[in-house]
Amino acid sequence: MSVVPRGRGRPASRRVLALADDLSGAAETGAALRRPSRLVLAPADETHQGGTARTDHGARTAYAARTAYAARTAARTVAREQAGAARALVVDLDSRSLPPEQAAAALRTALDAWWDGEQTVFKKADSQLRGNLPAETAAFAEGARAVVIAPALPAQGRTVRGGVVHLDGVPLHRTEAWRAEPRPAPRSVAVALAGLPTEAVPLGAVRAGPRALARVLSAAAERGHHPVVDAESDADLDAVAAAALLLGRDFRLLGSAGLAAALGRTPEPSAAEPRPAPPPAPPSERRPLLFVVGTAEPHAVAQIAQLAAYGARHVQLTPAELEDPGAVRPLALGPDAVTVVSIDGGQGVRPSAAPTLAAALARTVADAAGGADLVLTGGETARRVLDALGVRELTPLAEIHPGAVHALAPDGRSVVTRPGSHGGRDSLRTIAAALRPAPVPAPAPGPPPPPSAVSEPNPPNPPHSARQFSPQHESPSHNGPPHDGPPQHSPPQDTPVPSPVAPSGDTT
């Protein structure tokens, strides 16, 4: 199935349809667009729910049902959007772990169901080029004159120069960023998009201004190429977004949350200001706060240690326990409790096992999570938990810090999602303080714990380690570890997380 071109040659609308391959990326995009947004969780293929994806007859039958459901949901969604309920519709395709052909089919289905021919169309791509990028980009290009590709994310030190992604100045393929992937990192964006005709656009063209850049992008499209645009700053991305919008709706945008933010900063064509996002709802009384950390990133250990140091209970599950549900005691969350559940990666986690473990982790926490506010790290983990709870839609509110997006579920609970690779060592504590802003006295001073057995690459201030605990144990309280500096968009550093041992009456 190919996408039928709609709206060709007409000016780009500031209403946006955005597609993402995982939930944390979709939430990032919704917040970055800086306009009232709705985030729809496209129905996951039932064969994907268990952490695997098949291409047999059962998978095709499930996919047909998914397509029909998407079309029905889309009709209601677009009607509400056109009535003014949202200026951006963000769809989580849940396609990161699907086989390439299924990921491409999911994207085509979403475009056919949700694009009304009027919105500007944006595809969220991983800034480190992971996922089904070649297949999804090829599908995204169908029916478009060109796709403008700009994966830079300057806020996280991820830039593009000469068509090569750099992490803090180091080419992606020379870093360890792909250590959990089953194949080597691509040497350039063009290599990552193998088979798609691309053309590099250098920084000089970007910095010549939007109108000059628009002419360069148009010329590349005339040659049958999709422009891959260099960018090292938010100002560069602002120019890319402005130039693409000048060219009309048959030019589509593909990039990181940095490009989505640039699109969000572009003024509306009318004099009217976009309506602000709704303010966060007041927290429910006595609602537990549950962190589910499904990422295998090494820095997650330090983040959990900071949260545990301020009184959060840490429940650590081994892969063997997750594979045998009977081996794990039911998780109980008391009122006002702050609990963090994670996978013990001490023995290493095979990349191919990550989707299966995320699904098992979601099943393990689902019963306890039913009445809790949620903080979910890693897109796969976040999606599997919300699937288990039957959550099909979110309203993004704001970023707590870059990548950590606070949203509301239809039942009023707070849901914070964050990519596994984002956030400093105080990320989880900062999120907890934002959701539970009432100050609580820090635990009494005690002897410093031993240094962590897991180290981060070149940490400026290595954190103290919280003891690792089995599901039957809780972490002790002790003084908080040193910080990297003031968190962004968060309460002050000395606002500790409420302790489950001695909660404040206003911590909810």
Side-chain angles (χ1 to χ4, degrees), residues 288-318 321 328-329 331-334 336-346 361 364-365 368-369 372-378 381 400 404 416 418 420 423-436 439-456 459 461-484 487 490-491 493-504 507:
L289 178 58
L290 176 63
F291 289 73
V292 184
V293 180
T295 178
E297 295 287 337
H299 66 262
V301 175
Q303 294 174 347
I304 293 170
Q306 281 220 4
L307 190 59
Y310 282 89
R313 177 189 178 207
H314 183 196
V315 177
Q316 194 173 43
L317 303 173
T318 66
E321 287 174 318
V328 182
R329 276 194 343 186
L331 183 65
L333 305 180
D336 300 326
V338 179
T339 305
V340 55
V341 180
S342 69
I343 299 174
D344 181 359
L361 183 62
T364 301
V365 304
D373 288 333
L374 301 172
V375 180
L376 310 171
T377 74
T381 299
I400 294 172
V416 176
R418 198 209 71 191
R425 286 176 295 187
D426 63 348
S427 171
L428 301 184
R429 194 182 73 83
T430 297
I431 294 169
L435 295 178
R436 300 290 185 269
V440 177
S452 173
V454 180
S455 61
E456 296 182 81
N461 294 299
H464 295 300
S465 170
R467 241 177 64 202
Q468 302 301 310
F469 292 89
S470 69
Q472 291 78 18
H473 298 85
E474 297 183 10
S475 59
S477 297
H478 57 72
N479 278 345
H483 306 292
D484 295 330
S490 65
Q493 278 277 352
D494 60 355
T495 304
V497 171
S499 165
V501 178
S504 163
T507 57

Distance in Å, I304 CD1 paired with T377 OG1, rounded so as to fall on 0.5 Å steps:
7.5 Å
Do you know the tightest heavy-atom contact between E321 and Q316?
OE1-O, 3.9 Å
So, taking the atom named CG in D373 and the one named CG in L333, what distance separates them when rounded to the nearest 0.5 Å?
11.0 Å
Does the pair R418 and L428 meet the rule for a side-chain contact (heavy atoms from CB on, under 4.5 Å), with working shown?
CA-CA 10 Å; R418 198 209 71 191; L428 301 184; 3.8 Å; yes
How many angstroms lie between CG in D426 and CG in L307, if you round to the nearest 0.5 Å?
11.0 Å
Can you sort out the partners of T339 under side-chain hydrogen bond (donor to acceptor under 3.5 Å, both in side chains), two or more places apart, ordered by chain and number?
none
Could you pull out the closest heavy-atom pair between L317 and T364, with the gap in Å?
CD1-CG2, 3.8 Å
How far apart are the closest heavy atoms of V365 and L290, and which atoms are they?
CB-CD2, 4.3 Å
Can you name the closest pair of heavy atoms from S342 and H314 and give their distance?
OG-NE2, 2.8 Å
Pair I343-T381, side-chain contact (heavy atoms from CB on, under 4.5 Å): steps then yes or no
CA-CA 11 Å; I343 299 174; T381 299; over 6 Å; no
Closest non-hydrogen atom pair between Q303 and G423, with its separation:
NE2-O, 3.2 Å
Which atom of V338 lies closest to which atom of F291, heavy atoms considered
CG1-CE1, 3.9 Å
